[in-house]
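Nothing here was measured: the structure is a model prediction, and the numbers come from that model. Just so we're on the same page: letters track the sequence lines, and every chain starts at 1.
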Number of protein chains: 2
Amino acid sequence: MSPLEVVRRQRRKEARPAELAAAALSLFIEKGFAATRLDEVAARAGVSKGTLYLYFDSKDALFKAVIEEGVVPLFEEFEAKLETLRDDPERLLREILQGWWDKVGSTDLGGICKLMISEAGNFPEVARYHHDAVIVRWMALLGRAYAIGVERGVFRDMDVETVRQLVFFPLLMQAVWKNSMSCCDETRSLPDSYFPTYFEMIFRGLRAAPVQESRP
Amino acid sequence: MSPLEVVRRQRRKEARPAELAAAALSLFIEKGFAATRLDEVAARAGVSKGTLYLYFDSKDALFKAVIEEGVVPLFEEFEAKLETLRDDPERLLREILQGWWDKVGSTDLGGICKLMISEAGNFPEVARYHHDAVIVRWMALLGRAYAIGVERGVFRDMDVETVRQLVFFPLLMQAVWKNSMSCCDETRSLPDSYFPTYFEMIFRGLRAAPVQESRP
DNA sequence: TTAATAACTGACTGGTCAGTAATTTAGTAA
DNA sequence: TTACTAAATTACTGACCAGTCAGTTATTAA
């Protein structure tokens, strides 16, 4: 009838898995794993449920794929900074944290954090994989950036575990919040002053010497 | 047969609702709302599913009850502090934050945070209720404690919204983490140095004057 | 054009679980 | 003891949905 009708039954073998994974990710975040219907995932990806099963063995396999693909090797980039910015620990930490927000926290990948927190109990093995492959690695990176600062006498020497949590959790929580409470909290976009204030707070807490009030 | 068998079919009308709500809360946190079976909730509370329906109209009603009862009026206590500690803003903030951890974050109530984050998308009206009745109120309290410090010249003047997030999110995330990633992160108990380090970091960031290096 | 293949579809099935109703038993008062 | 009431249980039903499969259509090779 309608000549402008969307083309049905395209054959696009290559694109399907990524499209299905993206659809699944967004629905898992919105509704949770258990409450997400595979018919819905398929519909959002523009295919039928049967097609979904051509690419993924089961609902669990789909979940696993969504998490594991989202892990992307962003780490190389971050870890490279460790080498190039060894001489300026404060800038190193700032760029790592800002980088995480720009590349993960503020993007779709940020939703994976919320998803993993929600579903860890139901997928212990996926949670463990994600924990070892992402969380531990990321926290180690933060810890090393901080340790470099301590070595150089730029940062005070405190409990590493505690420090990296205090530094990172505000950003992480921000990402989680964004993907769950958006219905309540209107227009969850950060004010321009957010990062300046954030870094000012963090670094005042970390710096070994009190801020110079430049009195010559 | 077994003479020591647990007594079946006790009549304990008064205790049932609280026991069922507690069982439901723990299961909702572990498995999520959708993945939790009412038979299981009933079993954990030591009754049958039919009994559950004597006290709660539906699964949704059970969820709502769990959230709303958990809201408890802890606020009176916290808000009272605002009056009694007006003269020492730093101590005021410290006691409010420590109080939240002792009374909420480290207890079962902390699980409600994780639960609400996970299920907000599926229960917008409950999420809104919780947002207005708990989150907004709590954040306002924190904001006022900070504002008092600014008025007195003890704290630097920054964006209130940003500051209260930076101050509170580490604790909140800690509570959420505890209730989801416990399977991976072994023995999630905070080191003794956690709160001293936390407060030291926070207050260095907030204080208007640099730390006195006591040079007479 | 036609035949062969591979991507895709959607109706169907079997198991699961929220919610119900008939029945049993505990507690109580006469 | 007995009769009564209400708490609790058990067996059931109907909707829903993960996963399957027989059939359909797009694409390519001959």
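- Contact check, B/Ser48 against D/dT9: a side-chain N or O comes under 4.0 Å of OP1 or OP2.
- Looking at heavy-atom distances under 4.0 Å, B/Leu54 makes contact with a base.
- Between the base of C/dG19 and the side chain of B/Lys49 there is a donor-acceptor pair shorter than 3.5 Å.
- Atom CZ of B/Phe63 and atom P of C/dA18 are 15 Å apart (whole Å).
- In this structure, CD of B/Gln10 is placed 20 Å from P of D/dA6, rounded to the nearest angstrom.
- When the nearest nucleotides of DNA chain C are assigned to B/Phe33 and A/Gly50 by heavy-atom distance, the more 5′-ward of the two goes with A/Gly50.
- Within the 6.0 Å centre-distance limit, the rings of A/Phe168 and A/Trp138 are counted as a close aromatic pair.
- Distances shorter than 4.0 Å separate some side-chain N or O of B/Arg37 from OP1 or OP2 on C/dA18.
- Distance A/Lys59 NZ to D/dT20 P: 15 Å, rounded to the nearest Å.
- In this structure, A/Arg11 reaches the bases: a heavy-atom distance under 4.0 Å links it to at least one base atom across the strands shown.
- For A/Lys13 and C/dA6, a side-chain-to-base donor-acceptor distance below 3.5 Å is absent, hydrogens and geometry of angles not being considered.
- Residue contacts for B/Tyr55: at a heavy-atom cut-off of 4.0 Å it reaches the sugar-phosphate backbone alone, with no base atom in range.
- The CG atom of B/Leu52 sits 12 Å away from the P atom of C/dT20 (whole-angstrom rounding).
- In this structure, B/Asp39 atom CG and D/dT10 atom C1' are separated by 11 Å, rounded to whole Å.
- A/Leu38 has its CG atom 15 Å from the P atom of C/dT9, to the nearest Å.
- Taking the charged nitrogens against the carboxylate oxygens, B/Lys103 and B/Glu95 have no contact shorter than 4.0 Å, which rules out a salt bridge.
- Ionic pairing of A/Glu200 and A/Arg204 is present here: one or more N-O contacts between side-chain nitrogen and carboxylate oxygen are shorter than 4.0 angstrom.
- Following rounding to the nearest Å, B/Leu20 (CG) and D/dA7 (P) show an atom-to-atom distance of 14 Å.
- Nearest nucleotide to the side chain of B/Tyr53, out of D/dA8, C/dA18, C/dT9: C/dA18.
- Atom pair B/Phe56:CZ and C/dA18:C1' shows a separation of 16 Å (rounding to whole Å applied).
- For D/dA8, the OP1/OP2 oxygens have a side-chain nitrogen or oxygen of B/Arg16 closer than 4.0 Å.
- Judged by distance alone, the side chains of B/Arg44 and B/Ser26 do bring a donor and an acceptor atom under 3.5 Å apart.
- Between B/Lys64 and B/Glu119 no salt bridge is recorded (no basic side-chain N to carboxylate O distance below 4.0 Å).
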